[in-house]
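Inspection log for the structure reproduced underneath, given as structure tokens.
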Amino acid sequence: MGKNKAKKDDKDGGGEEHNQMYSALAIGLVCIVIGLPLWWKTTTTYRASLPYSEIDTLAQTQMQYKVPVNIRSCLSEPSTNENNILKQLQEKLNQDNPNSKVSVQYSINVRKCNPNDLDRVHQHQNLQELDRSFLNTNTDTVGHPVIYLLSGDHKGFQGIHTYIGKQRIAYVAIHKDDLSNSLDHVVELLRTTLVNELSMVKICNAAQGFQHTQADAGTMRAVRSTPGYGISFSLLNPQPDVLDVKWDIRQAIQDYLEPFTQKLDEFANFVVDSQVLYYTGISVKPKQSEDKSYYYLSQGQLPQVITPVEAKLGSHVSTYPSLNFLLYVPKRTHAPLYVVDSKGDQVSTNAFLSPRWGGVMVYNVQDPTNNTELPAEVMVNMHSAMEVFLSQLRLLIGIPAQSQGGVSNVHIEQPGASGVTDWEYDVLLRGRTLENIATASATLVSLSQLLDKIGNIVINDDIAQQVYKAVESVNQGHAYLQQGNLYRAFHASKRAIAASEKAFFDPSLLELLYFPDDQKFAIYIPLFLPISIPVFASLFKVVKWFRARRKTKQD
């Protein structure tokens, strides 16, 4: 009886130990097989796939653009046949610099003038009238300049050999005895003015952030690529008790600014506002001339003029960068007031420009006489004021200054009411397209490097969608530029920069939202260590039990 009872107790004890071991094994397996993968899955950072290889390719892609040029020969000499002109122009134009990061190719189409064009050339001996006669007769295509080769004996070429009109048309004098030299004027005209190759290179270098290149005044002056501009006009009257200054800014905007903004409607959006600030002047004390006949602001004083006034201008709710244009009427004690250049000469416009900020014009008025009732009423000549402001606005948005560059004896027609000629619009569009593509590519590369550096940063599907859209738009922009389709290339570049910046500045990519790995371990170890020690101890005990049981069976 005693032996049977002892065997029963051993059997019950062995069964209880057996249950404990298998329970511990089950718990350990659940923790390792289910719990650990589940924790790993739920805590893994979601990272949508991105086209890293394509982004790396964009960084190495050379900027290339094609310029289709239409040459219309109104010449009759055998030596000036179309084939000869085409051959010489191709040799002179398509000579790329292999070290340049921007490559330009000219697609030249040479043909004889049709009878209607020849009649216009013979009928109008004045080039301005000739250019006006071509208005709305040519099928203007954005980025496609047209050059008419006229005989050097044409009466319109008096003291000049090239005339550039308001459209995309230029007229060049060709001398039959010196065809090669005459065609050099065509090449120089294209490279330095109608296309402005050097400016395109500088724009790309600035957009890609090359520090070793020398800063360019035009690049530093213009506002960086943006979908729109906020334009603010302010009249500063420091002594309203003496002068009652009035300006018809509403009519001036309608007459002078609206034709300009309508011309650039597809280029950018413009938001315009105006204000009058009383008892607001400049904190800089003007210097007095040696003969004490006037006061002046030297170049060293100009930066000090803007800073105090800027705080009083107020801020307008707009997502666009603001361009400020100030019309300042000087105090009675500092009148007349002039702006002088580095040589001490008075500036003809009596105005100065602040890069990427705006412009200031000093408007002198006649001092009221002793018999005049104060405040004396003064009406601003808005024509002279808006003429200055419009020229400053052109420079601030990136329209190149009207100069002949390296071309001599060239007459450039003024843009007129629209404020910008067609060929200037092409230069602006081409430069902004190259800048947008270069900026978007640089943004995508920076984003790729950021995501590679921070491995636990979340990449959601919205960001991935914007990145793919930006890469696709950059590739489309490159393709359209190489085809010579400037209009489509510009709109593709706008989509590229918008998508790239939307992805780069997404709030979920803020680095402060993510912790380094050592901080994560500091959080997880106090949580998992108390749980994992009993589990692993039980598993170790189970392994020992199985080994002991196997050894017992073998014995």
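Atom-to-atom distance recorded for F389:CZ and N324:CG is 10.5 Å, nearest 0.5 angstrom.
Between the side chains of Q251 and D255, a donor-acceptor pair is found at a separation under 3.5 Å. In the model, E424 has a side-chain atom that pairs as donor or acceptor with a side-chain atom of T421 under 3.5 Å. Counting only N and O atoms by type, the side chains of Y148 and D117 include a donor and acceptor under 3.5 Å apart. Under 3.5 Å, the side chains of Y279 and Q239 contain no donor-acceptor pair of N or O atoms. Q128 and E413 share a donor-acceptor pair across their side chains, judged by distance under 3.5 Å alone. Remark: the Q476 side chain and the R488 side chain contain no N/O donor-acceptor pair separated by less than 3.5 Å.
Aromatic ring orientation, F270 versus Y229: parallel (interplanar angle below 30°, classes split at 30° and 60°). Ring orientation note: the planes of H411 and Y163 are close to parallel, at an angle under 30° on the 30°/60° scale.
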Candidate pair H491 and Y487, rule ring pair (Phe, Tyr, Trp, His ring centres under 6.0 Å), full reasoning: CA-CA 7 Å; H491 285 281; Y487 179 82; 4.7 Å; yes

Criterion side chain to side chain contact (heavy atoms under 4.5 Å, CB included) on Y171 and F134, from CA distance to verdict: CA-CA 12 Å; Y171 308 87; F134 279 109; 3.2 Å; yes

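Applying the salt bridge (Lys or Arg N to Asp or Glu O under 4.0 Å) rule to R432 yields the partners E435; only residues at least two apart in sequence or on another chain are considered.
The six-membered or imidazole ring of Y296 lies away from that of Y338, with a centre-to-centre distance of 6.0 Å or more.
Within 6.0 Å of CD in Q366 there are 12 or fewer heavy atoms belonging to other residues, nucleotides or ligands. More than 12 heavy atoms of other residues, nucleotides or ligands sit less than 6.0 Å from atom NZ of K263.
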